[in-house]
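Residue numbers start from 1 in every chain, and the chains themselves are labelled A, B, ... in the order their sequence lines are given, proteins ahead of strands.
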Amino acid sequence: MTAHLPALQVLVPLGCAPLCLLLRRFRTVTWLVFLLAALSSLACAVLLATRVDDGPLHYEMGGWPAPYGIEFVVAGFNTPVLLVVSVVAVVAAVYARRSVGDEVDDRRAPLVYTCLCLTLTGLLGLTVTGDVFNAFVFLEISSLSTYALIAMGRRRRALLASFRYLVIGTVGATFVLIGIGFAYAVTGTLNMADLADRLTDLDGNRALYAAVVFVFVGLAVKMAVFPLHAWLPAAYGEAPSAVSTFLAAASTKVAIYVFCRFAFTVFGAGLVFTTMPVGEVGLLLAALAMLVGSAAACFQRDLKYLLAWSSVAQIGYIVAGISLATAAGVSAGYLHVINHAVIKGALFGAAGLLVLRLGSARLDDLAGLGRRMPWTFAAIVVTGLGLVGVPPTAGFASKWALVSALLDAGAWPVLVAVLASSLLALVYVGRIVEAAWFRDPPADLPADQPRAPVSMVAAVWALVLLSVYFGIDASLPGGLADAAAAALLGTGGA
Amino acid sequence: MTVFTLINISLLAILVATALTVSRLRALYEAAMLSALFSLVTACLFVLLDAVDVAFTEAAVGVGISTVLLLGGLALTRSREAVTPRRRRLPGAAVAILAGGTLVYASQDLPAFGSADSPVQRHPLTDTYLHQSQEDIGIPNTVTSVLASYRGLDTLGELLVVFTAGVAVLALLGPLAHPVDARRRDDLDLVDYRVLRVISAMLMPFILLFALYVLFHGDFGPGGGFQAGVIFAAGFVLYGLVFGLDKAQQVVPRVVLWALIPFGLLLYLGVGVVNMLLGGSFLDYDTLSSDPAAGQHLGILLVESAIGITVAAVMTTVFFSFANRRATR
Amino acid sequence: MIVLDIASVVLLAAGALFVVSGGVGLLRFPDFYTRVHAAGITDSAGAGLILLGLLLRTPSWETGVRLLVIMLFLALTGPTASYVLAFAARRDGVPIWREGDPRR
Amino acid sequence: MIGTHYVYWLLFALMMIGLYVVISHGNLLKKLIGLTLFQVGVFLFFISIGKVDGGSAPIVSDDVETYSHPLPQVLILTAIVVGVATLAVGLGLAVRIFETYGTVEEEDVLERDTTP
């Protein structure tokens, strides 16, 4: 059975989706099915992570060898992503039971779990596939289910947020498709490894340049890289809290991984970063994203929107690291993918606790709640410091790695942007703290509010503790990130 | 200039003209009908480009289902578009010119159109799919063998996308959103049109028969599970339009429909899992029989049926969701 | 065989003529009902004659059967579609053009 | 160049008309129609990659020598399905937006959100 692990990684969540729909009359059962999907995915990811040290694992779908059929590839570069997505999925599943129960009406809750299974399937499939067109299909599965999930937010704005994401997301996916078309036209293959082989003879082919441009622009939409980030704040701000927690932590990260996969193992670093100025453009956009994202976060009135804008900035850090195309840079990018997923997951989870208790997450409504909800706000502060990058948090570890990689590469302007963005992060985290502790609670606050459910608090704190642990002992995420960078940049790639 | 080139250019010119008209039309019903025409011409162009399966699908989906859905959507919203202000035109034009310029620049290094010596044609995939597949799978329609066997996972993904769309529309519009079904009769069911009812009743069995033919003939000619599913759905949609939604939902109760949506997907998955249990990898149909080719035949048939079931159920459900929405308002 | 070929060419040309005249009518006729009539011509006479012309050139009987089925199908659906269009327009009160009215 | 690449250029024009409608038009349904135009342009592009002069549909029979490539056709079959799925979800959203806001013009929706 272990030979089937790469397939099972994706297939179990896939099978859980129709099960959820069949069992929709039993809401708790559908939740259990989603939890099962997440747990099995975690188990597969852990087992796979322990097995890739001896080299990449290939799984041939339908028994057809690689360029003729579709293959799944698991190697050092995608096990960290599988682990991140799976861990976040498990946490989101534990969290979702009460959160979805509160925010979505009973008849639609089973559909939320169905869509969560589908999103998980899409993200995992996107991570393990070794075929460019198959990647497009999984991209669309995860996107389409994400649109549905966002639309199930409580406020009416969720509908427009979802629609706008649908339009720009579909344009992005179609751009990826155009890029795949150009790459296919000049190579005749769709398998990533085969593509990489055949591209080497095509120096100076303009169709190939277009393939790179269209694939990357399309992926940039999904990664929410500045200036294609416009969909993200409303989408994460309006989605049901359990969904925001899952998506903010997992979805953009997978898109970033796909970018790395295409850049380093399909098109090749030589073409992408030496012949074409993708690295320079990436650094520029990353710096702008940091500044714009952090600055916009400072002016938000809603905690979920604030966190979403902060994500735009944090994605900037990751993109900056990867754009350096050095081992240190890519490793720093991966490290921040892991740490940011944990941190943002916890923060959106905490915001969801506030929504559960107050009905909204507006900063004005948080006045003086610091003492009433100590656990929630302690979680926000601990992870918020991680966003700023204060030692010894996880955020510090990855930011330190990024800064030293930038120093090595001599990218001074970006370094300035990183520091400025960190200061701005201090401002927006400070605003939350100020609202929660240094303002008087409104007089009409009802005394006996429902207590936050233990399962949700536990889920949030699991991520908080994980982030603290990663801050103190960065050997696990650091080791994964280094292995990923080595797999991407080294010869033992695909 | 050959006849082929002449027809090709004419069809492309019609397409561009239609697209321009659609983009300028502010009356959205007209735009929807023109986009149906656009799909029809596209289908003709697909035939010209030797893609008969794709043409079939485009005709069934673009002209059929998409148009019905668009009209359904328009019936529930507003059918006239506001004037696009000048300041909105610039960004769109800028992006379009930039992207178009990149495409034209890049196309200089694309292999010539129709070249038999392009990288696509020279790649060993071509020989495998066109000739080796005759021995390995033994199905004349290579599109079907690539779709269902070589790239069976893509097709499973495609089915999953359809499934997702079904779930999403149910979540947005489905009866879930409005538990109470207080419906009134309205002219959507066209009950007064006696001629239409007689003709539809006469054609109905043939439409369903044709769907089955398309499903089982996909090995030898254009067709397959997806097209069959869409034709099935079109049959139900026609029935619902002509005889009323109530009656259509008596014929195909919602419970059945909703059970069929996951059933098709689980059947597809089940075939793959059985392959795994029999010692092959996922979707390795060779394991289904002692003779690999026979196994492939069986596997492809099962998988195509699974696609047909889920697609028909999802498309019908989506249509009923839109149609019911109108009645509940 | 030459007779069949000539007959086929004549039928195809006649069919094409009807299709074109249907198109012209669609653009030139003054009101909805007359335009439905013009469009109906394309379906029935135009497509019908073209299919007949093709029938005379079929290489095998299987193709011939298919063409016949298509003709039957068109004969059933084309007029029905025209009828339903006109009926719906009549029910919605779309006015009929009379001599001397402006084009609509 | 013109003789061998005209098909691509006309298809690019088609795509760009669609893309323009998606970005510039504010009506949500029109955006969806534009998205369809854009995608169909891409579908045709893929199919034209696989076309061989004088070829025929890739259904193997004894009396045919050259076939067009089946792979792009398979990809586009999948992509068409993805397209209609997206359209269905988009229309569902547009209908819900109309029901809650009373309009399907993007700018009006935004306006109604800022002034509740």
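Side-chain atoms of A:Tyr184 and B:Val120, non-hydrogen and from C-beta on, do get closer than 4.5 Å to each other. For the pair B:Asn324/B:Arg254, a side-chain contact is recorded, criterion being any heavy-atom separation below 4.5 Å from C-beta on.
The candidate with the highest count of non-hydrogen atom pairs below 4.5 Å against chain B, out of A:Ala148, A:Ala7, A:Cys20, A:Pro67, is A:Pro67. Counting heavy-atom pairs under 4.5 Å between each of B:Ile261, B:Thr164, B:Asp154, B:Asp136 and chain A puts B:Asp154 at the top. Taking chain B as the reference chain and counting heavy-atom pairs below 4.5 Å, the highest number among A:Phe182, A:Phe175, A:Phe136 is found for A:Phe182. For the set B:Ser118, B:Ser149, B:Ala168, the count of heavy-atom pairs under 4.5 angstrom toward chain A peaks at B:Ser149. By number of non-hydrogen pairs under 4.5 angstrom with chain B, the leading residue of A:Phe138, A:Phe214, A:Tyr209, A:Tyr147 is A:Phe214. Comparing B:Leu269, B:Val161, B:Leu125 by how many heavy-atom pairs each has under 4.5 Å with chain A, the most go to B:Leu125. Each of B:Val169, B:Val146, B:Thr126, B:Leu160 has some count of heavy-atom pairs under 4.5 Å with chain A, and the biggest count is that of B:Leu160.
Contact annotation for B:Phe282: both backbone and side-chain heavy atoms come within less than 4.5 Å of a heavy atom of chain A. With a 4.5 Å cut-off on non-hydrogen atoms, B:Asp286 does not touch chain A at all. For chain B, no part of A:Ala211 is nearby; none of its heavy atoms comes within less than 4.5 Å. No part of A:Thr129 comes within reach of chain B, as not one of its non-hydrogen atoms sits under 4.5 angstrom from that chain.
Here the options are A:Arg156, A:Arg154, A:Arg155, the test is side chain to side chain donor-acceptor pair (under 3.5 Å), and the partner is A:Glu238; only A:Arg155 passes.
A ring-centre distance under 6.0 Å is found for A:Tyr59 and A:His4.
In this structure, a donor-acceptor pair under 3.5 Å is present between the side chains of A:Asn191 and A:Glu71. For the residue pair B:Thr42 / B:Glu58, no side-chain donor-acceptor distance below 3.5 Å is found, with atom types taken as modelled.
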